[in-house]
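What follows is a set of notes on a single structure, which appears directly below.
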Amino acid sequence: MSEEAPKAARRPSGLGRGLSALMGDVSREQPVSGATAPGVRTVPVASIKPHPDQPRRHFDDAALDELAASLAARGLIQPILVRPHAGGYQIVAGERRWRAAQRAHLHEVPVIVREFDESETLEVALIENVQREDLNAIEEADAYQRLINEFGHTQEVLGRLVHKSRSHVANLLRLLELPASVRDAVADKRLSMGHARALITAADPETLAAEVIRRGLSVRETEKLARGAKPGPARLGPVEVKGADADIAALQRQLSDMTGLKVQIAHGPAGGSVTLAYSSLDQLDMICQRLSGEPI
């Protein structure tokens, strides 16, 4: 291999083994304290600092308050992954838990300490956030782009690492082609990923995005608007088969974007079915957690 090959191409990566291997195979379900679990230690909250390049930028205050209340009652069950840094520790994965621990006025928290270099730290932080569904669409897209630019990953490799389809990764990366104002609207959830995808090919996405937000248009209405057709009133008569097929296809794309899975909808006069295709037990677990309303 050429000496000019990027470091990511030469360096064997442990990420394919999953985060549980990187974090020492500590169970997410078992409470830990002190040295009761291998590789886990308890350290002062004040000795831990966040990573300045954390991919997640938006932390929901209500969700943090809810987690803080849980931590105050039960303590921190899942350790925070850190690395030694500047006489203390720097967060590799778990900033949300660290923030909630501060709100809960915990003085000490369990951590797993790993000797990660800078590239490994960023890599694990990005993938951990993506796997836990902690990122909005723009943050996730930025994470993928950084993994490609800084570590040489392909879209296919990224899809395998985070247990999502390659098309999901590709669709997210396309969002970065949008103007900054539209990306901001997606980041703060004024527009969904489906809205953003419909605006990518529009001649003036900024103007259309403002109109979509102002009028509260649906994704399908936005798609029609982006094609140059004004969205009209809802149909009162029979729906044509061609139009119904287009709506079903749009809904399939929207559900696929939301889940990162291949979605198939079979619709008929008497009803139908929705099929989610998964390729790993992690994806199946994610589906079950979402359907049951459990936190991911």
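Here, residue 1 is the first one in the sequence, and each next residue gets the next number. Quick note: numbers below take in every heavy atom, side chains included, and nothing from hydrogens, waters or symmetry partners.
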Practice item. May I have the step-by-step check of side-chain contact (heavy atoms from CB on, under 4.5 Å) for Gln264 and Gln252, ending in yes or no? Key: CA-CA 6 Å; Gln264 184 69 40; Gln252 285 181 166; 3.4 Å; yes
Practice item. Evaluate the criterion side-chain contact (heavy atoms from CB on, under 4.5 Å) for residue pair Ser192 and Val186; output intermediate values, then yes/no. Key: CA-CA 6 Å; Ser192 70; Val186 177; over 6 Å; no
Check your understanding: Hey, mind stepping through Arg197 and Asn171 against side-chain contact (heavy atoms from CB on, under 4.5 Å) and telling me if it holds?
Key -> CA-CA 8 Å; Arg197 283 189 59 193; Asn171 287 332; 3.6 Å; yes
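Side-chain contact, Gln145 with Asn149: a donor N or O sits under 3.5 Å from an acceptor N or O.
Applying the salt bridge (charged side-chain N to carboxylate O under 4.0 Å, His left out) test to residues at least two apart or on different chains, none of the pairs has a partner in residues 268-278. Legend: salt bridge (charged side-chain N to carboxylate O under 4.0 Å, His left out) pairs involving residues 64-76, not counting sequence neighbours, sorted by first then second residue: Asp65-Arg103. A salt bridge (charged side-chain N to carboxylate O under 4.0 Å, His left out) check over residues 181-195, counting only residues at least two apart or in different chains, returns the pairs Asp188-Arg190. Within the structure, salt bridge (charged side-chain N to carboxylate O under 4.0 Å, His left out) contacts touching residues 79-92 (residues at least two apart or in different chains) are Arg83-Glu118.
Asp61 contributes atom CG, which lies 9.0 Å from atom CZ of Arg99 (distance to the nearest 0.5 angstrom). Taken to the nearest 0.5 Å, the CZ atom of Arg97 stands 10.5 Å off from the CD1 atom of Ile48. In this structure, the separation between CZ on Phe116 and CG on Leu81 is 5.0 Å, given to the nearest 0.5 Å. Taking CD of Glu95 as the start and CD of Gln90 as the end, the distance is 10.0 Å to the nearest 0.5 Å. The line from OH of Tyr144 to CG of Leu173 is 8.5 Å long, rounded to the nearest 0.5 Å.
Hydrophobic clustering (ILVMFWY, side-chain heavy atoms < 4.5 Å, transitive): Ile200 and Val219 are in distinct clusters.
Between Leu175 and Leu172, the closest side-chain pair of non-hydrogen atoms falls below 4.5 Å. Put simply, the side chain of Thr222 reaches to within 4.5 Å of the side chain of Leu199, judged on heavy atoms.
Remark: side-chain polar atoms of Arg41 are not paired, donor with acceptor, to backbone N or O of Ile112 under 3.5 angstrom. Under the 3.5 Å distance criterion, the side-chain polar atoms of His168 are left unmatched by any main-chain donor or acceptor of Ser165.
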What side-chain donor-acceptor pairs closer than 3.5 Å can you find for residues 204-211, not counting sequence neighbours?
from: Asp204; atom 1: OD1; to: Thr207; atom 2: N; distance (Å): 3.4
from: Asp204; atom 1: OD1; to: Thr207; atom 2: OG1; distance (Å): 3.3
from: Asp204; atom 1: OD2; to: Thr207; atom 2: OG1; distance (Å): 2.5
from: Glu206; atom 1: OE2; to: Ser181; atom 2: OG; distance (Å): 2.7
from: Glu211; atom 1: OE2; to: Arg215; atom 2: NH1; distance (Å): 2.6

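Applying the side chain to side chain donor-acceptor pair (under 3.5 Å) test to Gln155 and every residue at least two apart in sequence or in another chain returns Arg166.
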